[in-house]
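What follows is a set of notes on a single structure, which appears directly below.
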Amino acid sequence: MNTLIRTSTLAVAASGVLLLQGCFPTSSASIYNRGQAQREQIVRMGVVESVREVVIRDDQGASSNVGGLAGVAVGTIAGSNVGGGKGSTIGAIAGGLGGLVAGSVLGRKLEESKGLEITVKMDSGELRAITQEADEAFKPGERVRLISGSGVTRVTHY
């Protein structure tokens, strides 16, 4: 029975991490939320001046917290299976601490994605810099569109 409870707890913790992973916002130029669909947006034309690789990080920090908590749960369960009596308790504590560290590192990685800072010289002569996920490649000299609406601006190929 004790093994069944441990396995169930492990499955719930792992499922929670996977479910929460899908809750974090993205800054891809190809993804629109429902509130942005079927809304008129402003389109401006320009030429890419420069492209710089950046890291986009979720500033809420929820993934590392969830990862750390899940790591504690998994590590404690795994560690408690070591030895018996005091050995089991020590194993649970060590496993929990190790899980906390590993889960926090994994959570931080889930919060990060590769991004691009794209500087565009508009046809009006103004310079604009937009940061978005690196799901499309852009090169200096390339003609692009800036699509703006609902407080979001995206760079897309022309």
Side-chain angles (χ1 to χ4, degrees), residues 5-79 94-158:
I5 293 171
R6 288 180 185 146
T7 304
S8 298
T9 305
L10 177 62
V12 168
S15 298
V17 170
L18 292 175
L19 285 172
L20 285 171
Q21 179 180 353
C23 297
F24 298 103
T26 183
S27 57
S28 171
S30 301
I31 297 175
Y32 288 79
N33 64 40
R34 288 211 182 275
Q36 294 170 322
Q38 296 182 335
R39 303 237 187 241
E40 182 176 1
Q41 298 185 357
I42 297 168
V43 178
R44 296 168 291 157
M45 305 302 293
V47 175
V48 175
E49 285 280 310
S50 66
V51 180
R52 183 172 74 98
E53 291 183 7
V54 297
V55 173
I56 299 173
R57 181 176 293 149
D58 172 31
D59 59 354
Q60 301 300 316
S63 291
S64 59
N65 293 339
V66 170
L69 291 174
V72 167
V74 172
T76 301
I77 292 166
L97 291 173
L100 174 64
V101 171
S104 293
V105 169
L106 176 62
R108 276 194 294 280
K109 288 298 177 191
L110 290 174
E111 293 170 0
E112 295 180 351
S113 60
K114 291 182 179 181
L116 296 175
E117 178 188 85
I118 308 156
T119 302
V120 178
K121 185 169 189 173
M122 307 304 298
D123 288 349
S124 66
E126 291 180 283
L127 285 176
R128 301 287 180 182
I130 295 88
T131 302
Q132 63 190 37
E133 279 191 16
D135 57 350
E136 289 185 53
F138 294 94
K139 297 180 286 189
E142 193 172 32
R143 189 120 173 102
V144 293
R145 299 181 300 174
L146 269 65
I147 302 173
S148 301
S150 303
V152 175
T153 299
R154 309 160 193 276
V155 179
T156 64
H157 288 97
Y158 178 65

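Given the structure is predicted, the values throughout are model-derived calculations rather than measurements.
The closest side-chain heavy-atom distance from Met45 to Arg143 is below 4.5 Å. Counting only heavy atoms from C-beta outward, the side chains of Val155 and Arg145 never approach each other to under 4.5 Å. Residues Ile118 and Arg154 form no side-chain contact, since every pair of their non-hydrogen atoms from C-beta on lies 4.5 Å or further apart.
Under the side chain to side chain contact (heavy atoms under 4.5 Å, CB included) rule, Val120 has a single partner from Val47, Val144, Thr153, which is Val144.
Atom CD1 of Ile147 and atom CD1 of Ile42 lie 11.5 Å apart (nearest 0.5 Å). Going from atom CD of Gln132 over to atom OG1 of Thr156 covers 8.5 Å, rounded to the nearest 0.5 Å. Separating the CD atom in Glu53 from the CG atom in Leu116 is a distance of 6.5 Å, to the nearest 0.5 Å. To the nearest 0.5 angstrom, Gln41 atom CD is 11.5 Å from Leu146 atom CG.
Of all heavy-atom pairs spanning Lys139 and Val48, the tightest one is O-CB, 3.3 Å. Shown here for Ser50 and Pro140, the closest heavy-atom pair between the two residues is CA-CG, 4.3 Å. Considering every non-hydrogen atom in both Gly46 and Asp123, the closest pair reads CA-OD1, 3.9 Å. When all heavy atoms of Gly115 and Ile56 are compared, the pair lying nearest together is CA-CD1, 3.8 Å.
Looking at Glu112, its side chain never comes within 3.5 Å of a backbone N or O of Val55 through a donor-acceptor pair.
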